Amino acid sequence: MGAAVIAVSISQSLGFGSVLGYIIAGLLIGPWGLNLISNSEDILHFSEIGVVLLLFIIGLGMKPARLWALRKSIFGLGATQVTITTLLLAVLAAVLVDSWVTAVVVGFGLSLSSTAFALQLMMERRKLASPYGRSALRILLFQDLAAIPALVIIPIIAVTELGSSADILKDILSTVATLAAFWLFARFLLRPMLRFVAAARIHEIFISAALLLVLGSALLMQAIGVSMALGAFLAGVLVADSEYRYQLESDIEPFKGLLLGLFFMAVGMTANLGLLTVEPAALVLIALAIVLCKGALLFSIARLVKLNNAQALLLAVYLCQGGEFGFILFTLSARHGLMSVELSELLIMAITLSMMMTPVLLYLVERLMKKSTVTEQLPNYDVIDAQEPKVIIAGFGRFGQIVSRLIRTQKIRFTAIEIDPGRVDFIRQLGSKIYYGDASQKQLLDTAGTSKAEIFVLAIGDIGTSLKIAAMVKRHYPDIRLFARARTRRHEMRLRELGADVIIRDTLLSSMHLAEQVLRSMGLSVEKAAYVKERFYRHDAETLDKQIAYLADQERLMQSQREALMELETLFAEDEMNFPEEEIHSR
């Protein structure tokens, strides 16, 4: 902790980010530095839980429906990068090894970037929402997906004895059976168990349940000879659609951050610096080959998907390093005889060196871009000095601005929070009171006076961020009333599940108002047009209440929607028979 505090603080202040600081801290206190830590291998093994937790959180964000919607960009970008990089690096690796299988393993292992490393760098700079940040995330998602089956395949292709083929088949069947049992458990029993634990209303117990889910899944996979990361990833995917997704992510996040930091320190501790004196030329050449080959290919792919030169360059720099899966793949390959231990250590040290080069390259590229283009740096969040506002408005786009104007006319105190710095500057010029900040951060909401406010207006358009904030507000500020904006029917249903008090769908009221004008223009009286609109609105709300139970079942949800439409038509038909227009008018 002492080494991390010092090294990371210095690295961050110099602009190199926290990851390089962690690695340097590990180098300093490890066997090749001051030798304050001798059991570096044990620490690396333990700290891999950080990668396991990271894969769980990635799984939480990878619903099957979302994967299907992004299939072209994920599999197109990711498969192109992994395939071309693997082939190119395999050809280069052929000069170091005597087997094409080993060369392909080397090429594939080096084609993978560090998900933990790249995401940490982008999160520190708040670039995940940028065009190149989204493209980088999709490439990393594919790499994570591609690495998981590779961890299963390597032990299989390493077998040379024909007599062991029956054992391999037995292992495969055992693995498939375990995965099927795990899926059935998660599909039918996991959510009731989480609901039972949540009903106890003891936060520490729910955190324990979250850790038990992740680590239990990981250890189950390890027990059948599969990567722990696979178990954690599957666990995340299988609860991605549950109502506990955001709570699980919130509870796991602190452990993930600490253990990932320990993981990067362990990478530095276990780096064999002796290779720098024994084979410095080979080590530097391999590290440069990783960075330059991957960087050039990533830049070309980014340009093909219409990113500009600056965005393509940043994407290339963020992902040009080797990854943590490379450590696992090469260690596993050496254990099964696909490569020598010496080659495995050389490649692992080259990946470590490429990781250390990335923050430096990113620093230089950002400095270069500052001189030639508009700066990429975002301002720091504002310090909020709100004096007990009655209303908190999260999100100050068109929706939030209209809400604030009406509130302002009645002299009601409010605090508005917006994450887009350009929008904040523009609105401030108009004289509105608004703060630049991230409304998904509890500390900022505390500072804004949320605990003393009466109403929280959730006007953010991004569905994922909206749901995350809604879950946090209902959990930490149970006395405040939550008024939320919904983008879609499904979004509204999720907000209802989370306990939002009032929900308005973006286009619902405006489209209903327009439909009312159409009905009046077609000859309906003012009263009947208003009655039809009101009847439709009540029926839509009642239908949503019923459909919440089918949120995870797409087929049943569609059937419910068809039934609701028929029911609505029947209701209006009965109204025509039972309530003549004069009676409707009187009602």
Side-chain angles (χ1 to χ4, degrees), residues 60-61 63 66 69 123 126-131 133-134 137 243 245-247 249-250 253 378-379 381-382 384 386 389-408 414-428 432-451 453-477 480-510 544:
L60 282 177
K63 300 178 184 178
R66 184 188 175 200
M123 285 189 291
R126 296 193 287 275
K127 297 301 180 185
L128 275 176
S130 65
R134 291 193 294 268
L137 181 58
E243 62 271 33
R245 170 189 169 191
Y246 296 101
Q247 184 62 57
E249 182 177 353
S250 175
E253 186 67 34
L378 292 175
Y381 289 150
D382 291 331
I384 299 178
K390 296 292 185 181
V391 179
I392 304 293
I393 303 177
F396 215 65
R398 291 175 297 174
F399 196 102
Q401 289 175 41
I402 292 173
V403 174
S404 71
R405 289 175 194 169
L406 291 172
I407 292 175
R408 193 173 177 179
F414 71 89
T415 294
I417 304 170
E418 170 60 46
I419 200 169
D420 184 342
R423 183 178 295 161
V424 171
D425 291 339
F426 175 74
I427 293 172
R428 278 178 176 168
S432 293
K433 184 179 180 182
I434 183 173
Y435 294 94
Y436 170 58
D438 184 357
S440 67
Q441 301 296 320
K442 181 180 180 298
Q443 183 177 358
L444 183 136
L445 294 184
D446 288 339
T447 307
T450 306
S451 60
E454 296 177 11
I455 292 175
F456 189 101
V457 177
L458 182 52
I460 290 173
D462 182 77
I463 294 176
T465 305
S466 169
L467 294 172
K468 181 178 180 180
I469 294 174
M472 181 177 64
V473 168
K474 295 304 292 185
R475 175 187 168 199
H476 293 288
Y477 312 100
I480 198 170
R481 298 187 69 200
L482 177 60
F483 288 54
R485 164 197 185 185
R487 295 291 301 276
T488 63
R489 288 179 66 85
R490 183 177 288 271
H491 186 193
E492 181 171 350
M493 284 189 277
R494 296 302 298 269
L495 287 168
R496 283 174 181 248
E497 276 190 320
L498 292 171
D501 298 281
V502 177
I503 306 169
I504 297 296
R505 239 175 18 250
D506 271 0
T507 57
L508 179 62
L509 297 183
S510 56
L544 277 173

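Predicted model only: the values in this text are computed from it and were never measured.
- The salt bridge (Lys or Arg N to Asp or Glu O under 4.0 Å) test applied to R481 returns no partner, not counting sequence neighbours.
- L445 and M472 make their closest contact through CD1-CE, 3.4 Å (heavy atoms, listed as atom of the first residue, atom of the second, distance).
- Between I407 and I393, some side-chain heavy-atom pair lies under the 4.5 Å cut-off.
- Remark: D462 pairs with no residue by the salt bridge (Lys or Arg N to Asp or Glu O under 4.0 Å) rule, at least two apart or across chains.
- Taking CD1 of I460 as the reference point, atom CD of E418 lies at 7.5 Å (rounded to 0.5 Å).
- Distance CZ/F396 to CD1/I402: 10.5 Å, rounded to 0.5 Å.
- The salt bridge (Lys or Arg N to Asp or Glu O under 4.0 Å) test applied to K468 returns no partner, not counting sequence neighbours.
- Within the model, atoms CZ of R485 and CD1 of I463 stand 9.5 Å from one another, a figure rounded to the nearest 0.5 Å.
- Between E492 and R489 no salt bridge is recorded (no basic side-chain N to carboxylate O distance below 4.0 Å).
- Summarising the geometry of L444 relative to I417, their closest heavy-atom pair is CD2-CD1, 3.4 Å, with the distance given to 0.1 Å.
- Under the side-chain hydrogen bond (donor to acceptor under 3.5 Å, both in side chains) criterion, S466 pairs with H491, sequence neighbours left out.
- Between the side chain of D501 and the main chain of L482, a donor-acceptor pair closer than 3.5 Å is present.
- Qualifying side-chain contact (heavy atoms from CB on, under 4.5 Å) partners for A484, counting only residues two or more places apart in sequence or in other chains: L458, L495, A500.
- Here the CD1 atom belonging to I455 is positioned 13.5 Å from the CZ atom belonging to F414, to the nearest 0.5 angstrom.
- Counting heavy atoms from C-beta on, the side chains of Q401 and R405 come closer than 4.5 Å.
- One distance of note links CZ of F456 with OG1 of T415; it measures 11.0 Å at 0.5 Å rounding.
- Here the closest non-hydrogen pair linking L498 and A470 is CD1-CB, 3.9 Å.
- Considering only residues two or more places apart in sequence or on other chains, S451 meets the side-chain contact (heavy atoms from CB on, under 4.5 Å) condition with Y477.
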